[in-house]
**Q** 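After the structure tokens below, expect a handful of questions from me.
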There are 2 protein chains.
Amino acid sequence: MSLITDMDQTSLPCDGCAGRQGTVCGAFDDAGIAALFGLVRQQSFTSGQWIIEQRQPADRAFLLSSGHASVLRLTAQGRRQVIAFLFPGDFFAFSAEPVYQYGALALGDVMACLLSRRQLDTLLDRHAAAGNRLRRRMARLLDSHAELAFTLGRKQALEKVAAFIWYLHFKHHKLGHTGDECPVPMSRTDIADFLGLTGESVSRALTALRTEGVISLPEAHRIQVRDPARLRQIGIVESGLAAEPG
Amino acid sequence: MSLITDMDQTSLPCDGCAGRQGTVCGAFDDAGIAALFGLVRQQSFTSGQWIIEQRQPADRAFLLSSGHASVLRLTAQGRRQVIAFLFPGDFFAFSAEPVYQYGALALGDVMACLLSRRQLDTLLDRHAAAGNRLRRRMARLLDSHAELAFTLGRKQALEKVAAFIWYLHFKHHKLGHTGDECPVPMSRTDIADFLGLTGESVSRALTALRTEGVISLPEAHRIQVRDPARLRQIGIVESGLAAEPG
DNA sequence: CGTAACATTGACCTCCATCAAAAAATGTGG
DNA sequence: CCACATTTTTTGATGGAGGTCAATGTTACG
């Protein structure tokens, strides 16, 4: 697959890259960032467009400046598995394969900074600190993948959906927003393909949580958390810290 | 979680470490290996012993010299999810968390080379090449985790078990063995907890594959593949190369 | 050899997928 | 801004894959 990582909150605005602020590029030291922005070329995508296409040479990486994307695999028989959702500031790169086994699909309007993998590799070779920080980032990503494995393997539908809402809100706050309400940038089917369910089951789970008073749904693509403690309990979100993809 | 990676086949015998040959430590350059073996202390474990315990400080790493282990998470309610199986030469390290969210359990007799994470980090900081190779290794591990996500989310029981057998044989050959028969070092329950099934379902799937003539089971912990093409087809193992955990 | 742990097989039931229809949201042109 | 067409979401009815519980057969080990 590929590295999909969210970069630090700590670091720099990304004007040179995105034209709007984003907190990104945490894995690179200052020289690295300077070099990086020299290489970057920006591109916009609309809903349903592939930013990276599955089965194409794994020679491109990108940084999501604005909007959202899903990383997914599509089999010959038409089965879909979403591996991750990307938020502004998230990074996609580093398949070990010569060809991407997964594609990245724009959910709505997207701005992305594309760069070649070769350039990125060179950059990383030159800046040891960047490589080390990236290694730590990848370790965190591995943690989150294990979390996903647990969710897929050992939770039932309601628990999966509860954990997912927890994850959505975690991301929302991590991106600097406040409040108990957050947007849902992906479709029910996308959520289902992430959690190993059907769209109908996702919908049913949402209504169940709404009926129980745990959440409310002012609109289909907006969720308000009314009882965070119970949501977390239902979702079996244990890991105190890195509650990435629950 | 943690990095669990199998090291290169290319590299060195591990006598200084394991007392018996193993092809390991591929991520380190020569100076790195020399330094590494200075730090190593070896330990043996018996079936059912924890090599690394969940919820303990994530300050230890280890290299499996001989035997097998499972990496698993155990929740308060007693749900079990196996994240990976470790084979001789595999490496376990690098949780991003301060405390391991997963434990490593010996399957039968095990010899492991334990080293402290701090020492390993220092080592990696000093040897840039080792860090880079490790990064590539982690990318491959991420690929395999995505493969696991697909298996857990979008395959049915028979397909999961077929893919698992494929994975077992892949590992077996990668470790230098030949032939269509290979040992199964883990229990049915372990397999079930890896694939998101129950032991009974694994058992049923195995008999189904046996009845179909795809495999045979000379003993419970030994599987012979009679029809590799069909096994692969049933297991939906697509990725030509990195067919890690199917 | 005997006992305990594990694996297989069977009967039953639950949760979720599937199929289908109604309701809501989204987009488009007038 | 509104009417209409299309897509998405919700809700309902039904069936099946796999979980659960229980009994039997097998393997591993003291």
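Just so it is clear: chains get the letters A, B, ... in the order the sequence lines come, proteins before strands, and each one is counted from 1. From a predicted model like this one, the values you see are computed outputs, not experimental measurements.
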**Q** Heavy atoms only, 4.0 Å cut-off, all strands: where does A:Ser187 land among base, sugar-phosphate and nothing?
**A** sugar-phosphate

**Q** Sequence neighbours excluded, which residues qualify as side-chain hydrogen bond (donor to acceptor under 3.5 Å, both in side chains) partners of A:Arg154?
**A** B:Asp193

**Q** What is the first contacted nucleotide of DNA chain D and what is the last, in 5' to 3' order, if contact means an atom lying under 4.0 angstrom from a heavy atom of chain A?
**A** D:dT9 to D:dA13

**Q** In whole Å, I'd like the distance from the CG atom of A:Leu206 to the C1' atom of C:dA24.
**A** 15 Å

**Q** Taking the six-membered ring for Trp, are B:Tyr167 and B:Phe164 ring centroids under 6.0 Å apart?
**A** yes

**Q** Nearest-Å distance, CZ (A:Arg79) to C1' (C:dA17)?
**A** 13 Å

**Q** Both B:Ala157 and A:His221 contact DNA chain D. Taking the nearest nucleotide for each, which residue is further toward the 5' end?
**A** A:His221

**Q** Measuring from atom CG of A:Asp180 to atom CD1 of A:Ile223, what distance do you get when rounded to the nearest 0.5 angstrom?
**A** 12.0 Å

**Q** Output the rounded distance in Å from NZ (A:Lys160) to P (C:dC15).
**A** 14 Å

**Q** Quick one: label B:Arg210 by what it contacts on the DNA or RNA (base, sugar-phosphate, nothing), any heavy atom closer than 4.0 Å.
**A** sugar-phosphate

**Q** For A:Glu200, is there an ion pair with A:Arg188 - N to carboxylate O distance below 4.0 angstrom?
**A** no

**Q** Mind checking if B:Gly196 touches a base, just sugar-phosphate, or nothing, with heavy atoms under 4.0 Å?
**A** sugar-phosphate

**Q** Find the distance A:Arg204:CZ to C:dA17:P and express it as a whole number of Å.
**A** 9 Å

**Q** Assess the residue pair B:Phe92 and B:Tyr102 against the criterion (ring-ring contact (aromatic ring centres under 6.0 Å, His included)); give the C-alpha distance rounded to whole Å, side-chain angles, the decisive distance to 0.1 Å, and a yes or no.
**A** CA-CA 11 Å; B:Phe92 177 105; B:Tyr102 300 87; 9.0 Å; no

**Q** Tell me: CD of A:Glu219 to C1' of C:dA23, nearest whole Å?
**A** 17 Å

**Q** Would B:Phe87 and B:His68 count as a ring-ring contact (aromatic ring centres under 6.0 Å, His included) if you check the C-alpha gap in whole Å, the side-chain angles of each, and the deciding distance to 0.1 Å?
**A** CA-CA 5 Å; B:Phe87 291 74; B:His68 300 86; 5.2 Å; yes

**Q** B:Ser203 side chain N/O closer than 4.0 Å to the phosphate oxygens (OP1, OP2) of C:dT9?
**A** no

**Q** C:dA24 P sits how many Å from A:Arg188 CZ, rounded?
**A** 14 Å

**Q** Want to settle it: does B:Thr198 or A:Met186 sit nearer the 5' end of DNA chain D, counting the closest nucleotide to each?
**A** A:Met186

**Q** Reading DNA chain C from 5' onward, which residue's closest nucleotide shows up sooner: B:Leu217 or B:Arg154?
**A** B:Leu217

**Q** Using 4.0 Å as the upper bound for N to carboxylate O, is an ion pair formed by A:Glu238 and B:Arg79?
**A** no

**Q** Have a look at B:Glu200 and say if it touches a base, only the backbone sugar-phosphate, or nothing, with a 4.0 Å heavy-atom cut-off.
**A** base

